[in-house]
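Report on the following structure.
Note that the structure is predicted; figures quoted are calculated from it, not measured. Note that these values count all heavy atoms, side chains included, but never hydrogens, waters or copies made by symmetry.
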Amino acid sequence: MSAANTDPVNDSIQFAIRDGVAAITLNKPEKLNAMSVAMDRLLNELVIDINNNDDIKAVVLTGAGGRAFCAGSDLTDLEGYGTSWQYRNRFDRNLDYAIGIWKIRKPVITAVDGYCIGGGLEMFCASDVRLATRASSFGASEIKWGWHGGSGATQFLTRVVGPGHASELLLTGERIDAAEADRIGLLNHLYETREDMMRGAMRIAQTIASRPPIAVEAVKKLVRVAQSSSIDIGLAYENDLFTYEMRTNDADEGKRAFAEKRAAEFRGD
């Protein structure tokens, strides 16, 4: 991997690209990878870079240290967001890490080993494919401290696991283990070890990276449309994008590769 971050100040988030896959690693294990304002700002800068880099086809997000993916926001650093009004407008300022993950156009595979709490759970639910080890646990703990999550907790979680399971997690603030998370549909895959999980994450990401980029991004968009609109609107939108894709060079390459019984080589045009 070729690291994109060389500034020691930015070691709290590691970033690398290999074979069409961008790897983002939250790297503040002494604080359970809790997100500071500086980390939030850096992550959102990476989101812009990822969206505008045609060499990146998929993203793998994880946390370092073996104890946590992310324990949410660093509560000792919240004053860094500014006034209450500035904090309220952080989405528009590209200064919210969970919404940053939501804004990535390429598919995001998030791999959790350890705690996934608060804003960490919001990032997890904002991802497209969700993996975890059996050592992981999940919680929307904010209700214990006097508030609910403000970066998608009620919206993302409800769409992922349904209103009943989401309500129980959000209203109690209690953590669940990986087996329960798998049972309620929070996970795509559950692994015994971190090594197995990271191999699985890269395998999924590299498979996605081998697919036609226009169609991949269209699928991600249409899955979101399905979550937030009527089926009639979704079907119409799907047909429009399908019709466009069928006239791309990648579609022509796919048809040639099928006829010639070889792997297609997609270029994203």
Side-chain angles (χ1 to χ4, degrees), residues 1-36 38-71 94 96-116 119-133 135-136 187-211 213 216-217 220 266 268:
M1 286 190 176
S2 58
N5 283 345
T6 57
D7 183 348
V9 174
N10 293 337
D11 282 348
S12 57
I13 295 184
Q14 297 176 339
F15 181 69
I17 304 169
R18 184 181 68 191
D19 299 331
V21 177
I24 302 173
T25 303
L26 310 181
N27 187 38
K28 207 172 184 180
E30 70 278 7
K31 284 208 167 188
L32 300 178
N33 298 319
M35 296 291 289
S36 66
M39 291 171 70
D40 195 336
R41 184 172 289 108
L42 177 59
L43 182 62
N44 275 277
E45 290 172 358
L46 290 175
V47 168
I48 294 171
D49 291 343
I50 289 166
N51 282 342
N52 288 284
N53 186 339
D54 290 339
D55 292 333
I56 296 174
K57 309 297 195 303
V59 178
V60 172
L61 172 65
T62 192
R67 294 179 61 207
F69 161 61
C70 177
N94 291 323
D96 186 284
Y97 52 89
I99 301 303
I101 298 304
W102 179 252
K103 288 180 177 178
I104 295 176
R105 292 204 319 268
K106 323 296 174 71
V108 178
I109 299 97
T110 296
V112 166
D113 184 29
Y115 297 115
C116 181
L121 181 60
E122 289 171 320
M123 282 195 286
F124 193 58
C125 290
S127 306
D128 302 291
V129 179
R130 294 172 296 277
L131 317 179
T133 67
S136 303
L187 308 182
N188 287 79
H189 300 285
L190 179 59
Y191 296 87
E192 295 296 330
T193 68
R194 177 180 178 82
E195 291 72 21
D196 287 344
M197 177 181 66
M198 295 311 298
R199 280 194 291 269
M202 290 304 298
R203 183 165 57 248
I204 293 168
Q206 288 169 348
T207 298
I208 292 171
S210 72
R211 305 310 188 207
V216 165
E217 290 192 31
K220 175 164 180 167
F266 298 115

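Scanning all heavy atoms of the two residues, the minimum distance from Ala205 to Ala58 falls at O-CB, 3.7 Å. Residues Phe266 and Pro213 share a closest heavy-atom pair of CB-CD, 4.2 Å. For the residue pair Ala126 and Ala98, the shortest heavy atom distance occurs at CB-O, 3.8 Å. Across Phe15 and Ala22, no two heavy atoms sit closer than the pair CE1-CB, 3.7 Å. Scanning both residues, Gly20 and Ala209, for their nearest heavy atoms gives O-CB, 4.2 Å. Across every non-hydrogen atom of Cys116 and Phe124, the tightest pair is SG-CB, 3.8 Å.
In this structure the side chain of Lys28 reaches within 4.5 angstrom of the side chain of Ser36, judged on heavy atoms. Within the 4.5 Å cutoff, the side chain of Asn44 has no heavy atoms near those of the Ile99 side chain. No side-chain heavy atom of Lys57 sits less than 4.5 Å from a side-chain heavy atom of Val216.
Of the candidates Leu190, Asp196, Ile204, Leu187, Ile204 is the only one forming a side chain to side chain contact (heavy atoms under 4.5 Å, CB included) with Leu131.
Taking CE of Met198 as the reference point, atom OG1 of Thr133 lies at 11.0 Å (rounded to 0.5 Å). Taking OH of Tyr97 as the reference point, atom CG of Leu26 lies at 9.5 Å (rounded to 0.5 Å). We find the SG-CE distance between Cys70 and Met39 to be 7.0 Å, quoted to the nearest 0.5 Å. The CE atom of Met197 sits 12.0 Å away from atom CD of Glu192, with the distance rounded to the nearest 0.5 Å. Atom CE in Met123 sits 8.5 Å away from atom CG in Asn33 (nearest 0.5 Å). To the nearest 0.5 Å, atoms CD (Gln206) and CZ (Arg203) are separated by 9.5 Å.
Not a single donor-acceptor pair under 3.5 Å links the side chain of Asn27 to the backbone N or O of Ile13. In this structure, Asp113 contributes its side chain and Ala135 its backbone to no donor-acceptor pair below 3.5 Å.
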Please report, to 0.1 Å, the donor-acceptor pairs under 3.5 Å made by any side chain of residues 102-111, with sequence neighbours excluded.
| from | atom 1 | to | atom 2 | distance (Å) |
| --- | --- | --- | --- | --- |
| Lys103 | NZ | Phe91 | O | 3.2 |
| Lys103 | NZ | Asn94 | OD1 | 3.0 |
| Arg105 | NE | Glu217 | OE1 | 2.9 |
| Arg105 | NH1 | Asn51 | O | 3.3 |
| Arg105 | NH2 | Asn51 | O | 2.8 |
| Lys106 | NZ | Ile50 | O | 2.9 |
| Lys106 | NZ | Asn53 | O | 2.9 |
| Lys106 | NZ | Ile56 | O | 2.8 |
| Thr110 | OG1 | Ser127 | OG | 2.5 |

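Residue Tyr115 qualifies as open at atom OH: its count of foreign heavy atoms under 6.0 Å is 12 or below. Atom CZ of Arg194 has more than 12 heavy atoms from other residues, nucleotides or ligands within 6.0 Å.
At a cut-off of 3.5 Å, with distance as the only test, no side-chain donor of Thr207 or Ser210 sits close to an acceptor on the other residue.
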